[in-house]
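Predicted model, so just to flag it, every value in this text is computed and none were measured. Values reported hereafter were calculated over all heavy atoms of this structure, with side chains retained and with hydrogens, waters and symmetry mates removed.
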Amino acid sequence: MSKKKAAEAEKAAFKSGFVAIVGRPNVGKSTLLNRLVGQKVAITSDKPQTTRHAIHGVVTTPESQIVFVDTPGIHKPHHLLGEAIVKAATDVLADVDLRIFLVDAQEVAGGGDAFIAELLKKSGEKPTLLVLNKVDRVKQVTERVFASYRALGEFVGVVPLSARTGRNTKSLFEHIALYLPEGPKYYEEDVPTDQTLRTLAGELVREQILRQTSEEIPHSVAVNVESFDETVKPTRITATIYVERDSQKGIVIGDGGARLKAIGTGAREQIEKQTGEQVFLELWVKVLKNWRKDKDKLKRVGFIVD
């Protein structure tokens, strides 16, 4: 940056604010967050309901600081875990400066999108951007698709983009800038997320489980990091993988422990990439029957339940 531009930036009022990314499961919220932040702060997979907690991703420039809040996919819950996930998403909607309603450009609006649109209306009159993701997978977004989403509510702008390739994300930042209020820096300039390394390590283990197991397993799995010791080298991490049934435990472990070893190797490589340090990762698998439906068991694996 030139001295002239730096002086102009210093004179201008600094802007900061919170921007929630909301949408139904598997629409690409975590992929978009990682793209906007410029590094991995949220796990991704092709399985629905990958994100289970609201995650902050921070983008700081000389002019502004945007705190993105990646919310879990909003859906109609069928158990206590589902209720906790949806609550984590809806709790943030009234407290942000701007909402990004992320939808799939490949298809017209469905019941899940309409359900979220109603929640947005009920959560207060906050500006909402309609963002159509996955434009890299279609030749063009049809007027029928545009119209189906625009009919869901009042939007301050519409941005088609690709979270996977980064196409048109510059336009999204330009739209966001219009709705940031003057404010302080909530985080230091070099901080990309409020997640601790301990929390991220557990999520990276779960990401590998999502990628390496069948449809039956992902929703029944929780990961709790029991210890994270950085005082020794390599860093020693012990984590417990919780499943609901004995049969699921066998699937996660695999023949002769092969799948658990692959999960551990994949997670360790990702943790080392994030920390820049060597890691010793120890994984255990335990059965915690029906943990998704039991309040005390949900708390045991790290969920906040009223």
Practice task
Kindly indicate, with the supporting measurements, whether the criterion salt bridge (charged side-chain N to carboxylate O under 4.0 Å, His left out) is fulfilled by Lys126 and Asp97.
Solution key: CA-CA 7 Å; Lys126 297 285 185 176; Asp97 300 289; 5.5 Å; no

Exercise for the section: Please answer: with hydrophobic residues joined when any side-chain heavy atoms are less than 4.5 Å apart, are Ile100 and Val156 in the same cluster? Expected result: yes

Completion exercise
With Phe101 as partner, the option from Ile116, Leu129, Leu132 fulfilling side chain to side chain contact (heavy atoms under 4.5 Å, CB included) is Ile116

Problem - From CD1 (Ile176) to CG (Leu180), nearest 0.5 Å - result: 7.5 Å

Problem - Salt bridge flag under 4.0 Å for residues Lys293 and Glu244 - result: no

Practice task
Could you walk me through whether Thr193 and Val37 pass the side chain to side chain contact (heavy atoms under 4.5 Å, CB included) test, one step at a time?
Solution key: CA-CA 9 Å; Thr193 181; Val37 174; over 6 Å; no

Practice task
State which residue, out of Val225, Val279, Ile271, Thr275, fulfils the side chain to side chain contact (heavy atoms under 4.5 Å, CB included) condition with Leu197.
Solution key: Thr275

Practice task
Flag the pair Ile241 / Leu283 as yes when at least one side-chain heavy-atom distance between them is below 4.5 Å, and no otherwise.
Solution key: yes

Exercise for the section: Kindly say whether Asn168 contributes a backbone atom to a donor-acceptor pair with the side chain of Ser171 at under 3.5 angstrom? Expected result: no

Practice task
Indicate whether any N or O donor in one side chain lies under 3.5 Å from an N or O acceptor in the other, for His56 and Tyr187.
Solution key: yes

Exercise for the section: Please answer: with hydrophobic residues joined when any side-chain heavy atoms are less than 4.5 Å apart, are Phe280 and Leu204 in the same cluster? Expected result: no

Problem - Modelled atom types, side-chain donor and acceptor of Arg137 and Ser162, under 3.5 Å - result: no

Problem - Atom pair CD/CZ of Glu63 and Phe14 - distance to nearest 0.5 Å - result: 8.5 Å

Practice task
For Phe18 and Tyr186, run side chain to side chain contact (heavy atoms under 4.5 Å, CB included): C-alpha distance rounded to whole Å, both residues' side-chain angles, the deciding distance at 0.1 Å, then the answer.
Solution key: CA-CA 10 Å; Phe18 290 79; Tyr186 295 98; 3.7 Å; yes

Practice task
Would you name the heavy atoms of Ser148 and Ala109 that are closest together and state the gap between them?
Solution key: OG-N, 3.0 Å

Practice task
Taking the side chain as every heavy atom from C-beta outward, state whether Leu120 and Val22 have any atom pair closer than 4.5 Å.
Solution key: yes

Practice task
Indicate the atoms forming the closest heavy-atom contact of Ser16 with Pro184, along with that distance.
Solution key: OG-O, 2.7 Å

Problem - Any side-chain donor near an acceptor of the partner, Asp70 and Ser30, under 3.5 Å - result: yes

Handout entry: Min side-chain heavy-atom separation Val205-Leu281 under 4.5 Å
Key = yes

Practice task
Indicate whether any N or O donor in one side chain lies under 3.5 Å from an N or O acceptor in the other, for Thr235 and Glu230.
Solution key: no

Handout entry: Transitive ILVMFWY side-chain link Phe228 to Trp284, under 4.5 Å
Key = no

Exercise for the section: Determine, step by step, whether Val19 and Val96 satisfy the side chain to side chain contact (heavy atoms under 4.5 Å, CB included) criterion, reporting the C-alpha distance in whole Å, the side-chain angles of both residues, the deciding distance to 0.1 Å, and the verdict. Expected result: CA-CA 6 Å; Val19 179; Val96 295; over 6 Å; no

Practice task
Nearest 0.5 Å please: distance from the CZ atom of Arg164 over to the NZ atom of Lys134.
Solution key: 10.5 Å

Problem - Nearest heavy atoms of Ala163 and Gly28, plus distance in Å - result: CB-O, 4.3 Å

Exercise for the section: Is it possible for you to say whether Ile21 and Phe173 belong to one hydrophobic cluster, with membership spreading through side-chain heavy-atom contacts below 4.5 Å? Expected result: yes

Exercise for the section: Walk me through it: do Lys122 and Glu118 pass the test salt bridge (charged side-chain N to carboxylate O under 4.0 Å, His left out)? Expected result: CA-CA 6 Å; Lys122 293 176 182 177; Glu118 283 303 310; 5.2 Å; no

Handout entry: Spatial distance of atom CD (Gln39) from atom CG (Leu33) [nearest 0.5 Å]
Key = 10.0 Å

Fill in the blank from the handout: Rounded to the nearest 0.5 angstrom, the CG-CG distance for Leu32 and Leu36 is 4.0 Å

Practice task
Decide if the gap between the ring center of Phe155 and the ring center of Tyr149 is smaller than 6.0 angstrom.
Solution key: no

Problem - Glu188 atom CD, over 12 foreign heavy atoms within 6.0 Å - result: no

Practice task
Determine, using the 4.5 Å side-chain heavy-atom cutoff (strictly less than), whether Val287 and Ile263 are members of one ILVMFWY cluster.
Solution key: yes

Practice task
May I have the step-by-step check of salt bridge (charged side-chain N to carboxylate O under 4.0 Å, His left out) for Arg24 and Glu107, ending in yes or no?
Solution key: CA-CA 13 Å; Arg24 56 185 171 78; Glu107 55 197 39; 2.4 Å; yes

Handout entry: Side chains of Thr169 and Glu174 in contact at under 4.5 Å (non-hydrogen atoms)
Key = no

Handout entry: Between CZ on residue Arg259 and CD1 on residue Ile253, distance to nearest 0.5 Å
Key = 11.0 Å

Practice task
Could you go through the salt bridge (charged side-chain N to carboxylate O under 4.0 Å, His left out) check for Glu207 and Arg211 one step at a time?
Solution key: CA-CA 6 Å; Glu207 180 180 54; Arg211 293 184 175 184; 3.2 Å; yes

Completion exercise
Between Arg144 and Val108 the two heavy atoms that sit nearest each other are NH1-CG1, 3.6 Å

Completion exercise
Contacts of Glu226 meeting salt bridge (Lys or Arg N to Asp or Glu O under 4.0 Å) (sequence neighbours excluded), chain-then-number -> none

Problem - Asp113 side-chain N/O to Gly110 backbone N/O, donor-acceptor pair under 3.5 Å - result: yes

Practice task
Answer yes or no: is there a side-chain heavy-atom contact under 4.5 Å between Glu189 and Gln65?
Solution key: no

Problem - Expected output: side-chain Arg206 to main-chain Val221 donor-acceptor under 3.5 Å - result: no

Practice task
Flag the pair Glu272 and Arg268 as a salt bridge only when some basic side-chain nitrogen lies within less than 4.0 angstrom of an acidic carboxylate oxygen.
Solution key: yes

Exercise for the section: List the steps, then state whether side chain to side chain contact (heavy atoms under 4.5 Å, CB included) holds for Val131 with Leu161. Expected result: CA-CA 7 Å; Val131 177; Leu161 57 72; 3.6 Å; yes

Practice task
Could you tell me which non-hydrogen atom of Val27 sits nearest to which non-hydrogen atom of Asn133, and how far apart they are?
Solution key: O-ND2, 3.0 Å

Handout entry: Residues Asp229, Arg236: salt bridge by 4.0 Å N-O rule
Key = no

Problem - Salt bridge present between Asp136 and Arg167 (N-O < 4.0 angstrom) - result: no

Practice task
Please indicate whether Lys233 has more than 12 foreign heavy atoms, meaning atoms of other residues, nucleotides or ligands, lying under 6.0 Å from its NZ.
Solution key: yes

Handout entry: Atom NZ of Lys261 with >12 non-hydrogen neighbours under 6.0 angstrom
Key = no

Fill in the blank from the handout: Tightest non-hydrogen contact, residues Arg198 and Ser227, listed as NH2-N, 3.7 Å

Practice task
Using a 4.5 Å cut-off on heavy atoms from C-beta on, say whether the side chain of Val223 contacts that of Tyr242.
Solution key: no

